[in-house]
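To start, the structure under review is shown below, and the notes come after it.
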Amino acid sequence: MAKRSARQKFREPAYHEANIHPLFPQTGGWSPLDDDTPARRETRDRKYVKNIRAMSPVQQQLIEAIDERAVVLALGPAGTGKTYLAVAKAVEALEAHRVSRIVLSRPAVEAGESLGFLPGDLQDKLAPYLRPLYDALTERLGTKRLKALLAEGAIEIAPVAYMRGRTLNDCFIVIDEAQNCTYGQLKMLLTRLGWRSTMVLTGDPDQTDLLKGLSGLSDIAARLERVPDISVIRLSDGDIVRHPLVAGMLTVL
């Protein structure tokens, strides 16, 4: 009889409401600084959205420039969404059949430390350098579809060194980490542009891994800014969409 009474009590809604509590408080998003500013009250993790949207006015300028211009340069500090927006727009163009393929390129430059010789074939050796591009593509397409498009050749990921001599027609080209390219390399990449193609260069001139004076991104951007049909979008600390502490660190580092 006592067991039956306990079971009946457990089934009552009031029992659950009084004794079951959420694991996390429902008073807003996670905040490392625990203050009440709107930026801190935003949720820590951003969920996937099919249609991307700008998080700042300058990001909106970048999106509009990619839609309207054949060549766009996006310069700005880490975390401003340069690579992600470029890759997302590339995937959008491919799925809308505005281009037949995506070509993503990145210089194979080590960030301040020598890794020595990497095992495997060429693709295996380059994989660590191209990982950020794979991450962005995986988020937009999913692992299964990305593998299928890579196998079909609809998406190509290549190092800068393998771009010379090519003409890229009907493509969406993204040149990531352009601050690690010399002036000559960037000139070579820009002249790969073919018919019905869009090219987006992204980079942070303040975070080059080349020796001082070798990066050509700032010089190229200053020269191309005078060309009417080319957009140079300069993002700043206010456009950072990573953890709010990133913007704070960049102001003092």
Side-chain angles (χ1 to χ4, degrees), residues 28-33 35-93 104-107 111 131-140 172-181 186 198-209 215-227 230-253:
W30 179 87
S31 171
L33 302 182
D35 62 24
D36 292 326
T37 59
R40 302 294 187 262
R41 286 199 297 267
E42 290 183 357
T43 56
R44 182 185 184 189
D45 299 319
R46 297 187 183 279
K47 295 183 178 179
Y48 170 81
V49 290
K50 182 177 180 181
N51 299 316
I52 59 170
R53 63 184 179 87
M55 303 298 292
S56 73
V58 184
Q59 283 192 355
Q60 184 62 39
Q61 291 178 25
L62 176 58
I63 292 172
E64 292 172 357
I66 293 173
D67 289 334
E68 297 170 2
R69 303 293 173 88
V71 176
V72 178
L73 281 74
L75 281 63
T80 50
K82 306 180 299 296
T83 300
Y84 184 81
L85 288 175
V87 171
K89 295 299 287 184
V91 171
E92 180 184 295
L104 307 177
S105 186
R106 203 170 188 260
R131 186 72 254 173
L133 297 177
Y134 282 110
D135 290 342
L137 285 169
T138 300
E139 183 170 341
R140 298 308 303 174
F172 196 112
I173 309 119
V174 178
I175 311 298
D176 191 35
E177 297 290 332
Q179 77 275 6
N180 287 332
C181 294
L186 290 174
T198 298
M199 180 179 288
V200 181
L201 280 75
T202 69
D204 179 5
D206 294 329
Q207 286 200 27
T208 179
D209 297 305
S215 175
L217 181 59
S218 294
D219 193 8
I220 285 281
R223 291 168 182 260
L224 293 183
E225 212 160 13
R226 301 193 293 266
V227 180
I230 294 178
S231 289
V232 178
I233 307 298
R234 299 182 183 275
L235 298 106
S236 63
D237 297 347
D239 302 301
I240 291 176
V241 292
R242 286 183 185 162
H243 193 289
L245 286 176
V246 173
M249 287 187 289
L250 287 176
T251 60
V252 297
L253 295 177

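Everything numeric here is computed off the predicted structure, so don't read it as measured data. Residues take their numbers from the sequence shown, with the count starting at 1.
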- Do Phe172 and Val91 come within less than 4.5 Å of each other through their side chains, counting heavy atoms only? no
- Shortest non-hydrogen pair, Val200 vs Ala86, comes out as CG1-CB, 3.9 Å
- Is any side-chain heavy atom of Ser105 closer than 4.5 Å to a side-chain heavy atom of Ile173? no
- Task: Could you tell me which non-hydrogen atom of Ala136 sits nearest to which non-hydrogen atom of Val87, and how far apart they are?
- Result: CB-CG1, 3.9 Å
- Query: Any side-chain heavy atom of Lys89 within less than 4.5 Å of one from Asp67?
  - Reply: yes
- Query: In Å and rounded to the nearest 0.5 Å, what is the OG to CG distance from Ser215 to Asn180?
  - Reply: 7.0 Å
- Item | Nearest-0.5 Å distance, CG of residue Leu137 to OH of residue Tyr84 | 10.5 Å
- Is Lys82 reaching over with its side chain to a backbone N or O of Leu201, donor-acceptor style, under 3.5 angstrom? no
- Heavy-atom pair of closest approach, residues Gln61 and Ile233: O-CD1, 4.2 Å
- Item | Shortest non-hydrogen separation from Pro77 to Asp237 and the atoms involved | CG-OD1, 3.6 Å
- Task: Report the distance from atom CD of Gln59 to atom CD1 of Ile240, rounding to the nearest 0.5 Å.
- Result: 10.5 Å
- Query: Are Pro132 and Arg106 close enough that some pair of their side-chain heavy atoms sits under 4.5 Å apart?
  - Reply: yes
- Message: Apply side-chain contact (heavy atoms from CB on, under 4.5 Å) to residues Leu217 and Thr208 and explain how you reach the verdict.
- Response: CA-CA 9 Å; Leu217 181 59; Thr208 179; over 6 Å; no
- Donor-acceptor side-chain pairing of Thr80 and Asp239 below 3.5 angstrom: no
- Message: Within this structure, what is the OG-CG distance for the pair Ser218 and Leu186, rounded to the nearest 0.5 Å?
- Response: 10.0 Å
- Consider only side-chain N and O atoms of Gln179 and Glu177, and report whether a donor and an acceptor are under 3.5 Å apart. yes
- Tightest non-hydrogen contact, residues Leu62 and Ala74, listed as CD1-CB, 3.8 Å
- Query: Got a donor-acceptor contact below 3.5 angstrom from the Asp176 side chain to the Thr83 backbone?
  - Reply: no
- Side chains of Pro205 and Leu75 in contact at under 4.5 Å (non-hydrogen atoms): yes
- Between CG on residue Leu133 and CG on residue Leu104, distance to nearest 0.5 Å: 5.5 Å
